[in-house]
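Chain identifiers are assigned alphabetically (A, B, ...) following the order of the sequence lines, protein sequences preceding nucleic acid strands; residue numbering begins at 1 within each chain. Source: prediction; values computed, not measured.
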There are 2 protein chains.
Amino acid sequence: MSRKNQTSELKSRVMEVALGHFSEVGIERTNVSNILNDSGCSVGSLYHHFGNKEGIAEALFIDGVNQFNSRLLEALLPRRTASNGIKAIVTFCCEWVTDQPELAGFLLSREVTLSDNAKLELRKMDREFGQSIYDWFVPHVRSGALLELPTSMYVPLICGSTLEYSRLWISGRNNRSPGAVASILAEAAWQSVKSSP
Amino acid sequence: MSRKNQTSELKSRVMEVALGHFSEVGIERTNVSNILNDSGCSVGSLYHHFGNKEGIAEALFIDGVNQFNSRLLEALLPRRTASNGIKAIVTFCCEWVTDQPELAGFLLSREVTLSDNAKLELRKMDREFGQSIYDWFVPHVRSGALLELPTSMYVPLICGSTLEYSRLWISGRNNRSPGAVASILAEAAWQSVKSSP
DNA sequence: TGCTTATTAGAACATTATTCTAGTATTTAT
DNA sequence: ATAAATACTAGAATAATGTTCTAATAAGCA
């Protein structure tokens with residue numbers, strides 16, 4: 001196997017192992033030595049590739065956001081009506097969280113403290129993503145199907161309930177998965193942003 | 001001053017100082033030595049009173065939840081209609097977060113890992129609080145004013161948007177405070193749980 | 001007044017993340 | 001094909017920092 005492949009496999013293995021520990025006991029309480037043992041990586045390699053423990057968390061975070069963003073766009077952009085679009089967003093979130101609760105829990109936990117570099121990269125990703133989302137929304141606000149609100153309120157109104165429910169489910173405090181109650185959450189989100197008749 | 005007062009004042013000072021650091025850089029990244037310097041507490045006293053760093057966070061957390069719960073009940077229980085009650089909950093949350101962003105940010109961050117003891121105490125508090133809330137809700141669900149939903153969904157549906165918006169505001173990503181957009185959040189929450197005509 | 005107990009103090013300790021130096025393999029250039 | 005440069009691996013040594021421990025102090029109480 002080529003050096004490149006070997007290396008990227010080692011990095012993936014470290015990230016996979018780290019995610020398991022992070023989502024179980026949090027970043028602070030997972031020991032670097034456990035990650036090293038479970039992944040078969042050496043101290044030197046780990047610090048060479050990731051800089052420090054937070055660096056692993058950062059890599060996981062950026063990967064996760066990337067994956068989430070691109071799949072969400074796939075789910076949203078084909079929708080032609082406001083109602084279908086809003087419900088598609090919520091339903092997608094529910095399924096995504098239900099499918100990968102470890103990664104979702106990690107992203108939702110907000111325990112990652114990003115380096116300046118990571119912040120920049122994330123901001124760049126966010127701008128592109130935000131633009132696509134914005135372009136989908138504008139016509140529906142113009143047409144009067146959606147309420148006209150301060151821009152920063154759409155995400156909380158549409159996704160807030162779902163994210164809060166997901167946090168509770170991930171931490172084991174309710175039985176039904178987000179996927180199982182997606183239709184309720186989707187309808188509620190739609191009711192809260194549709195413009196009243 | 002009596003020993004008792006001196007001690008409780010020291011504890012408050014430590015907690016106040018710790019909250020400042022915690023809300024600024026998180027629990028992990030605040031150094032015990034900084035808390036010691038800024039509060040004038042000694043290593044021995046700190047560990048005598050709080051057990052460890054997490055113990056300070058735990059005390060802050062329990063205090064915060066207690067304060068939040070009792071004030072929320074004061075705001076909710078006098079309301080006679082479903083619509084007024086739901087809006088009172090959301091409005092109260094918005095004002096509470098806006099009034100004490102440090103404490104709110106700390107509670108919302110979920111970085112505290114509770115000891116078994118603290119978990120028990122919190123569960124007890126939660127049961128009492130939950131019961132009062134439940135008693136207020138039941139008649140409005142019976143009367144058909146509110147949707148009948150799985151119990152675990154009311155909190156996310158009513159507070160999810162507000163909490164998500166609050167997190168964003170606290171982390172500096174939008175200008176208007178929750179207090180300033182409370183009416184929008186309250187109306188949205190009401191739309192999402194009122195039973196459709 | 002003397003005894004008990006809660007509290008204070010900070011030096012010593014233990015844990016754990018990170019650095020550093022040296023060595024090895026792989027690619028790239030000549 | 002060989003040499004030079006680079007990327008990577010290794011783990012012992014180090015540094016940072018949370019926590020324990022022993023002794024001293026002072027408040028409350030009989």
Side-chain angles (χ1 to χ4, degrees), chain A residues 1-61 106 111-118, chain B residues 1-61 106 111-118:
Chain A
M1 196 190 296
S2 74
R3 159 79 70 98
K4 231 178 199 171
N5 284 342
Q6 226 174 12
T7 291
S8 83
E9 228 179 63
L10 178 63
K11 287 179 76 169
S12 314
R13 205 160 59 243
V14 168
M15 286 170 68
E16 193 186 317
V17 164
L19 177 59
H21 290 265
F22 289 167
S23 74
E24 192 177 355
V25 299
I27 297 173
E28 181 187 4
R29 288 162 38 109
T30 93
N31 292 7
V32 173
S33 62
N34 289 144
I35 297 176
L36 295 175
N37 288 337
D38 296 356
S39 65
C41 183
S42 72
V43 186
S45 295
L46 188 137
Y47 282 86
H48 175 77
H49 290 305
F50 295 101
N52 56 26
K53 186 165 73 165
E54 276 294 327
I56 310 173
E58 224 164 60
L60 280 167
F61 191 87
F106 176 72
E111 14 170 30
V112 193
T113 31
L114 300 157
S115 67
D116 290 346
N117 258 348
Chain B
M1 194 191 298
S2 74
R3 160 79 68 96
K4 230 175 198 172
N5 283 343
Q6 224 173 15
T7 293
S8 83
E9 228 180 63
L10 177 63
K11 288 178 74 171
S12 313
R13 203 161 59 244
V14 168
M15 285 169 68
E16 194 186 317
V17 164
L19 177 59
H21 290 265
F22 289 167
S23 74
E24 193 177 353
V25 299
I27 297 174
E28 182 186 4
R29 287 161 41 107
T30 93
N31 291 7
V32 172
S33 61
N34 289 143
I35 297 176
L36 296 174
N37 288 338
D38 296 356
S39 66
C41 182
S42 72
V43 186
S45 295
L46 188 137
Y47 281 88
H48 175 74
H49 290 305
F50 295 101
N52 56 27
K53 183 165 74 166
E54 276 293 327
I56 311 172
E58 227 163 58
L60 280 167
F61 191 86
F106 177 71
E111 17 170 28
V112 194
T113 32
L114 299 157
S115 67
D116 289 346
N117 260 347

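At whole-Å resolution of the value, CD in A:E9 and C1' in D:dT9 are 16 Å apart. D:dG18 atom P lies 12 Å from atom CD1 of B:I27, rounded to whole Å. Rounded to whole Å, the distance from CG on B:N34 to P on D:dG18 is 9 Å. A straight line from CG of A:L10 to P of C:dT24 spans 19 Å, rounded to a whole angstrom. In this structure, the CZ atom of B:F50 is 18 Å from the C1' atom of D:dT20, given to the nearest Å.
Contacts classified as ring pair (Phe, Tyr, Trp, His ring centres under 6.0 Å) and involving residues 34-59 of chain A (residues at least two apart or in different chains) are not found.
Within the 4.0 Å cut-off from OP1 or OP2 of D:dA10, at least one side-chain nitrogen or oxygen of A:S42 is found. In this model, the phosphate group of C:dT7 is approached by a side-chain N or O of B:H48 to a distance below 4.0 Å at OP1 or OP2. Within the structure, a side-chain polar atom (N or O) of B:H49 is placed less than 4.0 Å from OP1 or OP2 of C:dT8.
Between the axis at the start and the axis at the end of the helix from C:dT1-D:dA30 to C:dT30-D:dA1 there is an angle of 20°, using five pairs per end and rounding to 10 degrees.
Expressed to the nearest 0.5 Å, how far CD1 of A:I35 lies from CD1 of A:I56 amounts to 4.0 Å. Remark: B:C41 SG to B:L36 CG distance equals 6.0 Å, nearest 0.5 Å.
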Expected list for residues 15-25 of chain A: side-chain donor-acceptor pairs under 3.5 angstrom, two or more places apart:
| unit_1 | atom_1 | unit_2 | atom_2 | d |
| --- | --- | --- | --- | --- |
| A:H21 | NE2 | A:D38 | OD2 | 2.8 |
| A:S23 | OG | A:L19 | O | 3.2 |
| A:S23 | OG | A:G20 | O | 3.3 |

Let me check something: any side-chain donor-acceptor pairs from residues 111-118 of chain A under 3.5 Å, sequence neighbours excluded? List them with distances.
| unit_1 | atom_1 | unit_2 | atom_2 | d |
| --- | --- | --- | --- | --- |
| A:E111 | OE1 | A:I27 | N | 3.3 |
| A:E111 | OE2 | A:I27 | N | 3.3 |
| A:T113 | OG1 | A:E54 | OE1 | 3.4 |
| A:S115 | OG | A:E58 | OE1 | 3.3 |
| A:S115 | OG | A:E58 | OE2 | 3.2 |
| A:S115 | OG | A:A118 | N | 3.2 |

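At least one donor-acceptor pair closer than 3.5 Å links the side chain of A:K53 to the backbone N or O of A:E28. No donor-acceptor pair closer than 3.5 Å links the side chain of B:N31 to the backbone N or O of B:N34.
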Task: Footprint string (nucleotides 17-22 of chain C, 5' to 3'): B base within contact, S backbone only, - free, heavy atoms under 4.0 Å - done: SBB---
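A:S45 pairs by the side-chain hydrogen bond (donor to acceptor under 3.5 Å, both in side chains) definition with A:S42, not counting sequence neighbours.
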